[in-house]
Asker: 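I am attaching a structure below and will ask some questions about it afterwards.
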Amino acid sequence: MAPPAHVTVVGASLAGMSLTQELRRLGYDGRVTVIGAEKTRAHYDRTQLSKDLLTGLAEPESLYLMTENEVADLSLDLRTGRRATKLRVVNGGKTVTIDDGTTVEADVVVIATGSSARRPPFPADLRGVHVLRTMEDALTVRTELVNATSIVVLGAGFIGCEVAASARALGRDVTLVDLQPAPMCTVLGPVVGDHFARLHRARGTVLELGTGVAGLTGDGHVTGVRLTDGRVLGADLVVIGFGGVPETRWLLGSGVEVDNGVVCDDAGRTSVAGVLALGDAAKWHSPRHGRPVRSEHWNHVGLQATVVAENIVAGTANTGGDTVSRLDALPSFWTDQFGSRTQLVGAPHPEDDVDIIAGAPGESGLVAVYSRDGRATAAVAVDAPRALVRHQALVADGAPWPRVDVDR
Ligand SMILES: Cc1cc2nc3c(=O)[nH]c(=O)nc-3n(C[C@H](O)[C@H](O)[C@H](O)COP(=O)(O)OP(=O)(O)OC[C@H]3O[C@@H](n4cnc5c(N)ncnc54)[C@H](O)[C@@H]3O)c2cc1C
């Protein structure tokens, strides 16, 4: 089948730009339009926003993933600082409306709009209160960290934990608040969560766990965080890390099925022929897990970009039939806190059994294997990349666990 003549990509960050790079690498010479809401000249390494950019070890310039020449070489109709507001599909024809009032017609539309930071359920419109999703957010927090004395981070997921670690590294007083009994608990469960609790406490982060947030105090500028148990924590800088919400509002009325992310098959095809999705905004069917999975992590995006590009180039993206390429990859992610790197492969469930097979919580060298119904589901390694590689195959195969015959 012939490839489409015109591909329009909405979102010009990791997912959108990786896709355009893959398309050109595979020799696609059709028209490519890219619409990106952020004003930056190229996409950047978002993972460093809560890490080296916040501590000042990295500057914005070093985070850009492509030079201006590399972007130019892709021959894109690149419209940055512009937001898509609507997708219309009529008789197979697709039209994207942009917030400058213009429209773009396309044969294939790719949704790469990522996530936005989840807002809190209480009023938070005070100076000194921020989320952290974009370069702009991170630079604002970095500036305010200079004079802030008491920082409260709401939410001990991976971004909240990284922000807390970066602020501690700068010598600030930091309190990390979460409803869960341990940091990173929702994804990694209480055993590995305990590792992060120890890591943070050892470096002076105050943890308020099992505690909800009722609201903020302040008049113009934030002065504190009111907990559900009635206590108020003094704060002159509050960072909210309540996770991400897939950016899919602009798809309302388009016919594209959305269920906490754009619902896709294992090739990124949505419920509408010729409309695909990838990255944080998408929820791809995972043959491995037998259900849709929305991966909100860096490593997965490049793999998805290759699959989507291969199908576009082969002309199999626009149909409900066979595809030339599908994805069945093991999820993986990493987090860096206090100079320590934790890596995960697999999809743990907080209620999985966890077997610590090396090291101890709070220390480098910790290796843990998750299992369910006697089969390995995930592995976590702290500053132990070789151990992670050793256990990756077990997780990929869903090997029987615990096992006595493996080299731990
Ligand atoms: C602070 C931080 C730290 C992270 N650290 C790690 C880490 O250590 N390890 C890891 O594995 N992952 C990490 N991640 C996750 C990783 O960065 C994401 O998985 C990745 O950025 C997803 O890429 P994406 O292109 O799908 O989405 P995004 O990077 O969110 O990009 C989506 C883009 O689409 C644009 N957009 C949205 N709506 C519209 C619209 N209507 N029209 C036009 N453009 C639109 C947005 O402005 C944005 O530029 C981190 C994320 C954050 C925020």
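Counting starts at 1 for both ligands and their atoms, in listed order.
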Asker: Determine whether the side chain, the backbone, both or neither of Thr47 has a heavy atom under 4.0 Å from any heavy atom of ligand 1.
Answerer: both
Asker: In plain terms, say whether Asp99 and Arg82 are close enough for a salt bridge, that is, a side-chain N and a carboxylate O under 4.0 Å apart.
Answerer: yes
Asker: Answer with yes or no after comparing the ring centroid distance for His200 and Phe338 against a 6.0 Å cut-off, counting only values under it.
Answerer: yes
Asker: Identify, for atom 48 (C) of ligand 1, the protein heavy atom at the shortest distance, and state residue, atom and that distance.
Answerer: Glu38 OE2, 3.3 Å
Asker: Could you find the nearest protein heavy atom to atom 27 (O) of ligand 1 and give me its residue, atom name and distance?
Answerer: Gly114 CA, 3.2 Å
Asker: Checking contacts here: is it the side chain or the backbone of Val10 that comes within 4.0 Å of ligand 1, counting heavy atoms only? Could be both or neither.
Answerer: side chain
Asker: Closest heavy-atom contact between Ala84 and Ile35?
Answerer: N-CG2, 4.0 Å
Asker: Does CZ belonging to Arg249 count more than 12 external heavy atoms closer than 6.0 Å?
Answerer: no
Asker: Strictly under 4.0 Å, does any heavy atom of Ala281 approach an atom of ligand 1?
Answerer: no
Asker: What protein heavy atom is closest to atom 8 (O) of ligand 1, reported as residue, atom name and distance in Å?
Answerer: Lys51 NZ, 2.6 Å
Asker: Just let me know how Arg82 lines up against ligand 1, side chain, backbone, both or neither, with a heavy-atom cut-off below 4.0 Å.
Answerer: backbone
Asker: Determine, using heavy atoms of Arg249 and all atoms of ligand 1, whether some pair is separated by less than 4.0 Å.
Answerer: no
Asker: Below 4.0 Å, non-hydrogen atoms only: which portion of Ala112 touches ligand 1? Side chain, backbone, both or neither.
Answerer: backbone
Asker: Evaluate the ring pair (Phe, Tyr, Trp, His ring centres under 6.0 Å) criterion for residues Tyr370 and His391: first the C-alpha distance (whole Å), next the side-chain angles of each, then the deciding distance (0.1 Å), finally the verdict.
Answerer: CA-CA 11 Å; Tyr370 293 70; His391 291 89; over 10 Å; no
Asker: Between Glu59 and Arg142, is the closest basic N to carboxylate O distance under 4.0 Å?
Answerer: yes
Asker: Return a yes/no value for Thr335: is any of its N or O atoms, backbone included, closer than 3.5 angstrom to an N or O of ligand 1?
Answerer: no
Asker: So for ligand 1, is Ala37 a polar contact partner (N or O within less than 3.5 Å, distance only)?
Answerer: yes
Asker: Backbone, side chain, both or neither: what part of Ser115 comes under 4.0 angstrom of ligand 1, heavy atoms only?
Answerer: backbone
Asker: Which bit of Trp334 is near ligand 1, meaning a heavy atom under 4.0 Å away: side chain, backbone, both or neither?
Answerer: both
Asker: Any ion pair linking Asp107 and Lys94 (charged N to carboxylate O, less than 4.0 Å)?
Answerer: no
Asker: Note the single closest protein heavy atom to atom 10 (C) of ligand 1, along with its residue, its atom name and the distance in Å.
Answerer: Trp298 N, 3.7 Å
Asker: Output yes when the distance from some N or O of ligand 1 to some N or O of Asn299 is under 3.5 Å, and no in every other case.
Answerer: no
Asker: So which heavy atom in the protein is nearest atom 3 (C) of ligand 1, and how far is it from that ligand atom?
Answerer: Ser50 OG, 3.4 Å
Asker: Tell me which protein heavy atom sits closest to atom 42 (N) of ligand 1, plus the residue, atom name and distance to 0.1 Å.
Answerer: Ala84 N, 2.8 Å
Asker: Under 3.5 Å, N or O to N or O, is Arg133 touching ligand 1 that way?
Answerer: yes
Asker: Under 4.0 angstrom from ligand 1, any heavy atom of Met17?
Answerer: no
Asker: Is it true that Arg133 and Asp137 make a salt bridge, defined as a side-chain N closer than 4.0 Å to a carboxylate O?
Answerer: no
Asker: Check each heavy atom of His300 against ligand 1 and say whether those closer than 4.0 Å belong to the side chain, the backbone, both or neither.
Answerer: neither
Asker: What protein heavy atom sits nearest atom 37 (C) of ligand 1, and how far off is it?
Answerer: Thr113 O, 3.2 Å
Asker: If you measure every N or O of Glu296 against every N or O of ligand 1, does any of those distances drop under 3.5 Å?
Answerer: yes
